Amino acid sequence: MDLNLNRADYLQVGVTSQKTMKLLPASKHRATQKVVVGDHDGIVMCFGMKKGEAVTVFKTLPGQKIARLELGGALNTPQEKIFIAAGSEIRGFTKRGKQFLSFETNLTESIKAMHISGSDLFLSASYIYNHYCDCKDQHYYLSGDKINDVICLPVERLLREVPVLACQDRVLRVLQGSDVTYEIEVSGPPTVLALHNGNGGDSGEDLLFGTSDGKLGLIQITTSKPIHKWEIRNEKKRGGILCVDSFDIVGDGVKDLLVGRDDGMVEVYSFDNANEPVLRFDHTLSESVTSIQGGCVGKDGYDEIVVSTYSGWITGLTTEPVHKESGPGEELKFNQEMQNKISSLRSELEQLQYKVLQEREKYQQSSQSSKAKSAVPSFSVNDKFTLNKDDASYSLILEVQTAIDNVLIQSDVPIDLLDVDKNSAVVSFSSCDSESNDNFLLATYRCQANTTRLELKIRSIEGQYGTLQAYVTPRIQPKTCQVRQYHIKPLSLHQRTHFIDHDRKGEGVFKSDNISTISILKDVLSKEATKRKINLNISYEINEVSVKHTLKLIHPKLEYQLLLAKKVQLIDALKELQVHEGNTNFLIPEYRCILEEADHLQEEYKKQPAHLERLYGMITDLFIDKFKFKGTNVKTKVPLLLEILDSYDQNALIAFFDAA
């Protein structure tokens, strides 16, 4: 069965955070539902659709930025009470907009995640988790890393409270009271949690998780241990997952999995006979999807997927067909509806143009006044700087609520900017003087009109650490810019492990196949200890076999890059021969193959311009570090090493390392 969904944009609110839009329960089966959404202006808005127009049910006054919005109510009744988290406060509204709760939690940080279950409230700030019952403090937990989401398994089914925290260190922490029952390591930093099928699945213990590197998985949280059921790898290199929901959009009686990603991708997964997820539908929006819900909003009887995006658009992907089969009477009615809609939009446009004119005059008066304060317009930037362990690079994603004009990238450490297929911006590089002012990179990305999201790929050099800065300038007047900073760490291409011996005190043991990793750690720890006047004793034990092992690990990558470079160098000469001879029959199969794959080879080589130099650098560092631990300086022998690398042979390289 094919799934055909048509897009309908309903309205736009302010900038939205993750999980801040919900559909209120329907009065009867497949009847239209109201949409409730909270934005960064602090406004909670509830609306429904009537004859293709959005009709407001209620709208609150502006306030603090809304970080989360959840529905609640007494257990086993329709969940139609609206709860929002703003700053350190929780507020509750009825479906008609009457406020019935204002609860100041007195948390020192702003609330980032929230889950409601009956009279129980589960909250987390950046590192702190709190459980309240009837607004009274029950349990507390301080996490070792940032908490991205919080959920509780269904109490009405399990008759016990099982809160679960999704933490940035790639761990799901299962709690009982204020203590951790057990930890579950997952394949990427978990960003969102949801109950499978909306109720925890058959067992009530099935939990869905999505990660910042785009993986999706299902785990059963039993009382004693986790059971991993399935995981979808991010083979297509799509964005990180921000929201998930369960809803039968296919109409086969089994709930499907709806997924929203930070690159604007909306996906629908159905389940096969073995309960394994299968991708059935995808649709790309131009900005990140912050919330996703299945239901019926546009018209009675037509199911749809409703999403909110970063800049506040509420959009439906509906099963309602765009063109209906109809007689002359229906067609006339349809045309009349369209005419009414066009005239309504024209009127709205005129009002907006008049409002813009008024605001422009107001701004000019205020900026020319002698008592004028800063009138620089503010704008919201959503950014993410994450390591891609598959190709040892970093993704820098910048998303702005309005169109981006340009982004200037500056770095005080050497980094490479890699090509990204999704990126249509034009990049230009400026020369910089790295010796006098620690400026290693200056690059400007000029964006095309209506670009609100820019994705960059960066590769750093381990051991060289500092700061990367992005200067973001949107297309608004007067010109204004925001600066974002990202720390490039000494071991920037490493990620943490979770197997740690807790019995050791005041001591760290670092192990690696690569001597250069240990050398970087030794240098950085010594530098930081000196800066902070800490006495540090460092002892090390070097296994000579590890050098040969590391060279063998690098060998396939080096051999591949050398072969790629050699093939690319041959392309022009082979093309010239082809033109001269008129065909390629005279060439050996290897050369014919190079000509056939010429475009692909050149594209791959262009995407990784300095890959070979990086591998040469790693081998050179390994050579220097091997002898540095022995107290010998071998920098004078580096030119000889580079000669061996230019005519690379693995055995000759290993022999050089042994003989030096």
Side-chain angles (χ1 to χ4, degrees), residues 12-21 37-43 62 64-68 86-87 109-110 112 126 146 148 168 189 191 212 239-243 260-265 285-291 308-313 374-387 394-411 415 417 420 422-427 441-458 467-488:
Q12 187 178 22
V13 295
V15 172
T16 63
S17 290
Q18 183 187 8
K19 288 173 125 179
T20 50
M21 184 274 295
V37 59
D39 62 23
H40 282 201
D41 298 325
I43 295 169
Q64 274 188 297
K65 165 182 153 182
I66 294 169
R68 280 287 200 272
E109 300 173 298
S110 293
K112 298 288 193 302
S126 291
K146 201 170 280 186
N148 294 324
Q168 186 64 24
T191 43
S212 62
I241 295 170
L242 290 180
C243 47
R261 296 177 181 265
D262 67 15
D263 60 351
M265 186 64 72
L285 300 169
S286 59
E287 52 189 298
S288 60
V289 179
T290 51
S291 305
S308 65
T309 66
Y310 171 68
S311 71
W313 274 106
S374 171
V376 175
S378 63
F379 62 94
S380 179
V381 177
N382 180 25
D383 57 346
K384 191 171 94 165
F385 188 60
T386 50
L387 173 66
Y394 276 85
S395 279
L396 172 59
I397 297 168
L398 298 163
E399 191 170 20
V400 183
Q401 69 184 102
T402 185
I404 303 170
D405 186 12
N406 65 76
V407 174
L408 173 71
I409 301 292
Q410 184 272 332
S411 173
I415 58 168
L417 292 175
V420 178
K422 300 173 193 171
N423 187 347
S424 59
V426 177
V427 63
L441 175 78
L442 273 176
T444 307
Y445 285 85
R446 289 180 179 81
C447 298
Q448 295 182 359
N450 300 324
T451 299
T452 57
R453 187 179 185 279
L454 186 67
E455 186 172 336
L456 313 179
K457 261 197 141 177
I458 289 153
T467 306
L468 171 73
Q469 297 191 110
Y471 295 76
V472 184
T473 307
R475 291 178 189 269
I476 53 175
Q477 294 296 335
K479 279 291 176 196
T480 182
C481 176
Q482 274 191 36
V483 185
R484 294 296 169 107
Q485 292 190 332
Y486 311 95
H487 297 295
I488 293 172

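Below, each value reflects all heavy atoms present in this structure, side chains not excepted, and no hydrogens, waters or symmetry copies. As the structure is a prediction and not an experimental result, all values here were calculated from the model.
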Exercise for the section: Side-chain contact test, heavy atoms from C-beta onward, threshold under 4.5 Å: evaluate it for Arg453 versus Asp262 and give yes or no. Expected result: yes
Problem - All side chain to side chain donor-acceptor pair (under 3.5 Å) counterparts of Glu399, not counting sequence neighbours - result: Ser288, Asn382
Handout entry: side chain to side chain donor-acceptor pair (under 3.5 Å) involving Thr16 - partner list, sequence neighbours excluded
Key = Thr290
Practice task
Would you indicate whether the side-chain heavy atoms of Gln168 and Asn148 approach each other to under 4.5 Å?
Solution key: yes
Completion exercise
Between the OG atom in Ser311 and the CG atom in Asp39, the distance rounded to the nearest 0.5 Å is 11.5 Å
Completion exercise
Rounded to the nearest 0.5 Å, the CD atom of Gln18 sits from the OG atom of Ser308 at a distance of 10.0 Å
Handout entry: Residues in side chain to side chain donor-acceptor pair (under 3.5 Å) contact with Thr20, at least two apart in sequence or another chain
Key = none
Handout entry: Residue pair Met265 / Val289: nearest heavy atoms and the distance that separates them
Key = O-CG2, 4.2 Å
Exercise for the section: Quick one: closest heavy-atom pair of Thr191 and Ile241, and the distance? Expected result: OG1-O, 2.5 Å
Handout entry: Where Ser17 and Ser291 come nearest, the two heavy atoms and their spacing
Key = O-OG, 4.4 Å
Problem - Rounded distance (nearest 0.5 Å) linking atom OG1 of Thr444 with atom OH of Tyr471 - result: 11.5 Å
Completion exercise
Rounded to the nearest 0.5 Å, the NZ atom of Lys65 sits from the CD1 atom of Ile43 at a distance of 15.0 Å
Handout entry: Rounded distance [0.5 Å steps], CD1 in Ile458 versus OG in Ser411
Key = 8.0 Å
Fill in the blank from the handout: Between Phe379 and Ile476 the two heavy atoms that sit nearest each other are CD2-CD1, 4.1 Å
Practice task
State whether the number of non-hydrogen atoms from other residues, nucleotides or ligands found under 6.0 Å of Lys112 atom NZ is greater than 12.
Solution key: yes
Fill in the blank from the handout: With sequence neighbours left out, the residues meeting side chain to side chain donor-acceptor pair (under 3.5 Å) with Tyr310 are Ser380
Problem - Short N-O contact, Glu455 and Lys457, less than 4.0 angstrom - result: no
Practice task
Taking the side chain as every heavy atom from C-beta outward, state whether Lys479 and Asp405 have any atom pair closer than 4.5 Å.
Solution key: yes
Exercise for the section: Heavy atoms only: give me the nearest Arg475-Ile404 pair and the separation to one decimal. Expected result: NE-O, 3.4 Å
Practice task
May I ask you to check whether over 12 heavy atoms, not counting those of Lys146, lie within 6.0 Å of atom NZ?
Solution key: no
Exercise for the section: Check Val407 against Ala470 and note the closest heavy-atom contact, atom names and distance. Expected result: CG1-CB, 4.4 Å
Exercise for the section: Evaluate the criterion side-chain contact (heavy atoms from CB on, under 4.5 Å) for residue pair Leu398 and Tyr445; output intermediate values, then yes/no. Expected result: CA-CA 12 Å; Leu398 298 163; Tyr445 285 85; over 6 Å; no
Handout entry: Leu242 vs Arg261 side-chain heavy atoms within contact, under 4.5 Å
Key = no
Handout entry: Contacts of type ring-ring contact (aromatic ring centres under 6.0 Å, His included), residue Phe385, not counting sequence neighbours
Key = Tyr394, Tyr486
Handout entry: Leu441 side chain near Ile409 side chain, heavy-atom distance below 4.5 Å
Key = yes
Completion exercise
Residues passing the salt bridge (Lys or Arg N to Asp or Glu O under 4.0 Å) test with Asp41, sequence neighbours excluded, are none
Exercise for the section: Flag the pair Leu454 / Asn423 as yes when at least one side-chain heavy-atom distance between them is below 4.5 Å, and no otherwise. Expected result: yes
Fill in the blank from the handout: CD (Gln482) and OG1 (Thr473) are apart, to the nearest 0.5 Å, by 10.0 Å
